[in-house]
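Contents: one structure, followed by commentary.
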Amino acid sequence: MSKAESQQFFDNASSLGDMNAEDFRRYGYELIDWISDYLSHPEQYAVLSRARPGEFQSKIPSSPPAAGESMDAILKDVDKLIAPALTHWNHPSFFAYFAISASAPGIFGELLTAAFNVNGMLWRTSPAATELETVALSWLRQMMNLPQDFDGIIYDTASISTMHALAAARENLSLRIREDGMTGRENPLPLLRVYASEETHSSIEKAAITLGLGQRALRKIGVDQDYRMNAQALIQAIEEDRSAGTLPFCVVATVGTTSTTSIDPVREIADVCKHYNLWLHVDAAYGGSAAVVPEMRHVLDGCDMADSLVTNPHKWLFTPVDCSVLYCRHMDVLRRAFSLVPEYLRTNETEEVRNGMDYGIQLGRRFRSLKLWMVMRYFGHEGLAARIREHCRLARLFASWVEESKEWELLAPVPFSLVCFRFRPAHHQGEAEKDYRARLNQINETIMHAVNRTGEAYLSHTVLREELALRLAIGNIRTTEAHVRRAWELLNEHAAAQQ
Ligand SMILES: *Cc1c(COP(=O)(O)O)cnc(C)c1O
């Protein structure tokens with residue numbers, strides 16, 4: 001296309017259309033240059049933002065500009081004001097929560113998704129968006145070695161995926177809840193019960209709230225010393241509930257819990273679900289990605305018996321936020337729970353195609369499969385596995401330093417790439433056990449804040465059996481052994497200052 005022709009595609013800025021093509025191209029290159037520099041050196045920023053509350057906002061005009069501003073001015077503010085006030089999840093020493101990555105092919109995918117700007121609510125509103133989702137989810141399913149009858153759908157987050165899974169599980173009871181609701185019914189419902197371990201993610205409880213089941217619908221089951229659901233306690237709870245007139249309908253097992261990445265005994269739980277005819281949903285938001293590594297496939301042992309499973313490519317599969325996959329072997333039930341087609345959305349190819357809007361509460365759907373597909377193509381199964389394998393190696397290496405040190409200890413097993421640990425200086429003579437434990441919690445919290453304040457590394461914490469545990473989570477695509485070593489150095493420096 002000649003310059004003059006491309007000019008015709010866009011009106012120029014003085015009239016009513018979009019930015020002209022020439023400017024789009026120029027700023028596009030400039031922006032890609034900026035992003036490329038940023039991703040090559042995220043360490044130029046403190047990983048945990050040093051911004052104080054309200055500080056950033058005070059630098060941005062509080063009312064909108066009457067006349068449009070230049071892209072130069074806007075991009076300058078991105079560089080000068082926004083980037084310094086972010087916490088940098090791209091930083092290779094981001095070890096808090098679960099570290100994530102927006103890989104380059106994923107970023108390109110997002111860029112194209114924004115540019116195409118299709119709404120994949122129906123197959124016909126963008127055939128490739130619907131069909132690429134099917135392809136991408138089949139590829140991912142094959143990489144994770146899940147059974148072929150696991151069909152799937154992409155949502156934004158695991159919280160939403162799990163909410164839909166619980167809605168399908170409830171629909172599966174055929175209690176006419178979709179039509180009649182749960183309150184004010186002629187034949188009242190018993191309390192519906194969902195089970196999950198004490199270590200389960202808060203999204204399960206939020207799903208119970210959202211679906212009107214109520215928080216009391218969730219019964220938390222105790223865990224063993226390695227923070228895995230106790231299947232015997234689950235059976236006991238189900239038996240108790242049944243004799244009390246409660247209606248058990250769903251169990252949520254977790255592969256990779258949030259605090260410690262423990263793995264519930266899914267096969268045992270699946271047997272219990274089969275026996276009592278309960279829906280088994282697996283929360284593998286973080287841990288599912290590890291099944292891409294051939295020698296780690298065992299982390300999904302028993303998941304072939306699940307009714308649904310959520311995994312988040314935006315967590316540990318190098319796909320930009322947001323992208324969560326719900327696999328389900330009863331898509332018809334999910335559809336029954338949510339399909340509601342107004343006349344203006346009726347199409348004549350309904351029999352042959354999938355319409356994404358039928359499988360959830362939202363009508364409009366972003367083209368999220370594009371970035372996931374591009375990430376899988378660019379790295380390949382082996383490339384993805386190699387990166388996840390390396391993250392696990394680094395976590396084990398860090399754990400070995402903790403174990404070899406007299407003053408530090410591990411607080412949980414390390415099945416993936418997260419290490420839970422703490423500093424444990426000696427008991428003072430005559431110090432009461434209670435005071436010693438309080439002192440350890442205090443010291444570890446102080447060490448964590450001191451390390452985070454350096455801007456060189458960012459760790460988070462959790463509480464395990466009332467003890468404060470530091471969490472070092474490896475998951476960023478740029479993290480190397482040198483970064484993990486530096487974090488260990490920083491921890492030791494700041495621990496020494498505590499003595
Ligand atoms: C991260 C995580 C979630 C929540 O994921 P979102 O996509 O942020 O909703 C749920 N469960 C587990 C086990 C997780 O690790």
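Atoms within each ligand, like the ligands themselves, are counted from 1 in listed order.
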Sorted by chain and number, the residues that approach ligand 1 to under 4.0 Å with a heavy atom
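Within the 4.0 Å shell of ligand 1, which is judged on heavy atoms, sit Phe98, Thr157, Ala158, Ser159, His201, Ser203, Gly256, Thr258, Asp283, Ala285, Tyr286, Asn312, His314, Lys315.
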With a 3.5 Å cut-off and no angle check, do the side chains of Ser262 and Arg228 form a donor-acceptor pair?
no
Is there a donor-acceptor contact under 3.5 Å linking the side chains of Tyr227 and Thr254?
no
Output side-chain donor-acceptor pairs under 3.5 Å for residues 317-326, partner residues at least two apart or in another chain, one line each.
unit_1: Thr319; atom_1: OG1; unit_2: Leu317; atom_2: O; d: 3.0
unit_1: Asp322; atom_1: OD1; unit_2: Arg368; atom_2: NE; d: 3.0
unit_1: Ser324; atom_1: OG; unit_2: Thr157; atom_2: O; d: 3.4
unit_1: Ser324; atom_1: OG; unit_2: Ala158; atom_2: N; d: 3.3
unit_1: Ser324; atom_1: OG; unit_2: Ser161; atom_2: OG; d: 2.9
unit_1: Ser324; atom_1: OG; unit_2: Asn312; atom_2: OD1; d: 2.7

How would you list, by chain and number, every residue that makes a side-chain contact (heavy atoms from CB on, under 4.5 Å) with Ile35, sequence neighbours excluded?
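So Ile35 forms a side-chain contact (heavy atoms from CB on, under 4.5 Å) with Leu31, Leu39.
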Short side-chain to backbone donor-acceptor contact, Arg365 and Asn355, under 3.5 Å:
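Between the backbone of Asn355 and the side chain of Arg365 there is no qualifying donor-acceptor contact (under 3.5 Å).
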Show me the donor-acceptor pairs within less than 3.5 Å that the side chains of residues 294-305 make with the rest of the protein, sequence neighbours left out.
unit_1: Glu295; atom_1: OE1; unit_2: Arg389; atom_2: NH2; d: 3.2
unit_1: Glu295; atom_1: OE2; unit_2: Arg389; atom_2: NE; d: 2.6

